[in-house]
Protein chains: 2
Amino acid sequence: MKEYSIGQMSRHTGVKATTIRYYENRGLIPSPARTRGGQRRYDEAALERLAFLRHARELGFGLDDIADLMALAEAPSEDCEPAHEIARKQLAAVDRRLTILAQLREELVRMADADDPGHAGKCRVIEVLGDHRLCIGAHDLPDDASQML
Amino acid sequence: MKEYSIGQMSRHTGVKATTIRYYENRGLIPSPARTRGGQRRYDEAALERLAFLRHARELGFGLDDIADLMALAEAPSEDCEPAHEIARKQLAAVDRRLTILAQLREELVRMADADDPGHAGKCRVIEVLGDHRLCIGAHDLPDDASQML
DNA sequence: CTTGAACCTACAGTCGCTGTAGATCGTATC
DNA sequence: GATACGATCTACAGCGACTGTAGGTTCAAG
């Protein structure tokens with residue numbers, strides 16, 4: 001039965017050691033066995049859980065959602081609807097972010113491409129940022145837009 | 001000469017009162033005049049600065065970049081190259097985020113849309129999250145990817 | 001003059017980590 | 001066995017950009 005130090009876990013999954021300890025604190029992964037000296041020793045199952053966790057994080061799931069998903073994975077009922085629900089929620093969030101970013105890109109392109117280098121008159125970047133009416137579209141954001149950027 | 005309370009500023013720009021005070025603390029907007037009772041009273045210029053600030057935030061600029069932009073806007077030299085530089089930097093960042101989100105969306109769609117509701121065996125969502133090999137492409141993220149999501 | 005919404009300060013909490021300090025542990029080499 | 005040195009340990013502070021709370025004060029309308 002293979003054993004892994006926290007550093008080996010880190011190398012296998014790409015999750016930093018400090019982050020692994022943070023996940024343990026948060027209760028997302030169980031406390032592993034320890035050596036006599038107090039260092040963590042993980043088994044294969046722990047490695048898989050961490051890989052799952054990392055993958056879900058890459059996909060933008062929040063830690064609370066991931067906790068739910070892991071609970072579902074550990075005790076699989078025949079109803080996987082809750083898991084799909086979480087995934088759909090995440091997809092919707094990603095779609096919102098994509099929409100905003102696309103609009104944002106449009107405007108940045110207009111700003112960055114304004115080719116009047118060193119010109120004495122107006123600078124487009126500052127002009128565009130200063131006057132909202134010059135925007136292509138109303139890119140009004142929902143109240144919590146900052147989280148999406 | 002019109003005067004605005006912090007609440008009116010908030011309504012005009014969509015920036016919450018607490019956030020306006022936070023910006024003031026951070027030195028992004030100057031301390032406004034006060035009534036005898038100590039409440040903030042803003043003028044037209046302050047409103048414009050706040051609109052500029054909000055707009056830049058919507059576009060994904062960090063507060064430090066915005067501070068730079070505002071300095072440029074207040075004392076505009078004929079050389080607006082620095083402002084263009086900031087805009088280009090932001091554009092590149094936005095493009096990175098768009099790329100990542102698009103990949104991410106692909107995978108979420110595959111997960112969430114898998115229509116085997118109530119299937120006895122494995123749940124597709126959990127299955128995909130657990131096994132990285134089921135991914136379309138290697139969607140490995142740069143080290144600081146979390147900031148981009 | 002009274003009511004009640006708006007405003008004030010100060011500070012803790014959010015999310016998902018990251019970085020630090022200072023101590024201890026484990027293993028390879030002599 | 002001794003030594004060296006990297007890996008690991010705990011505990012806690014800090015990041016960005018806010019948000020929320022408590023407990024008090026002020027303003028404007030009726």
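Remark: A/Asp65 does not engage A/Arg57 in a salt bridge, criterion side-chain N to carboxylate O under 4.0 Å. Salt-bridge check for A/Glu58 with A/Arg54: passed, with a basic side-chain N closer than 4.0 Å to an acidic carboxylate O.
Rounded to a whole Å, the CD1 atom of B/Ile20 is 12 Å from the P atom of D/dC18. Whole-Å rounding puts the A/Lys16 NZ to D/dC9 P distance at 16 Å. Between the CZ atom of A/Phe61 and the C1' atom of C/dC15 there is a distance of 17 Å, given to the nearest Å. If you take OH of A/Tyr42 and P of D/dA7, they are 16 Å apart, rounded to a whole angstrom. Whole-Å rounding puts the A/Leu53 CG to C/dC15 C1' distance at 15 Å. The interatomic distance linking B/Tyr22 (OH) with D/dG16 (P) rounds to 8 Å, in whole Å. In this structure, CD of A/Gln8 is placed 14 Å from P of C/dG26, rounded to the nearest angstrom. A/Arg41 has its CZ atom 12 Å from the C1' atom of D/dC9, to the nearest Å.
Of the candidate nucleotides C/dG16, D/dC9, C/dT18, C/dT18 has the atom nearest to the side chain of A/Thr18. Considering only the side chain of B/Gln39, C/dC8 comes nearest among C/dC8, D/dT19, C/dG16. Among the nucleotides C/dT18, D/dA17, D/dT19, the one closest to any side-chain atom of B/Arg57 is D/dA17. Nearest to the side-chain atoms of A/Ile6 among the listed nucleotides D/dC9, C/dG19, D/dT26 stands D/dC9.
Between B/Ser5 and C/dC7 there is a side-chain N or O to OP1 or OP2 distance below 4.0 Å. OP1 or OP2 of D/dT10 lies within a sub-4.0 Å distance of a side-chain N or O belonging to A/Arg40.
Within the structure, ring pair (Phe, Tyr, Trp, His ring centres under 6.0 Å) contacts touching residues 6-37 of chain A (residues at least two apart or in different chains) are A/Tyr4-A/His12.
Using a 4.0 Å heavy-atom criterion, one finds that A/Arg21 contacts the bases of the nucleic acid, with or without backbone contacts as well.
The residue among A/Thr35 and B/Arg34 whose nearest nucleotide of DNA chain C lies closer to the 5′ end is B/Arg34. Taking for each of A/Arg36 and A/Gly62 the nucleotide of DNA chain C with the nearest heavy atom, the 5'-most of the two is the partner of A/Gly62.
For the atom pair OG1 of B/Thr19 and CE of B/Met9, the computed distance is 12.5 Å after rounding to the nearest 0.5 Å. For the atom pair A/Leu69 CG and A/Leu53 CG, the distance stands at 10.5 Å (nearest 0.5 Å).
Between the side chain of B/Thr35 and the backbone N or O of B/Gln39 there is at least one donor-acceptor pair closer than 3.5 Å.
Looking at heavy atoms from C-beta onward, B/Tyr42 lies out of side-chain contact with B/Leu47 at the 4.5 angstrom threshold.
If you check residues 23-32 of chain A against DNA chain C, the residues with a heavy atom closer than 4.0 Å are A/Tyr23, listed by number.
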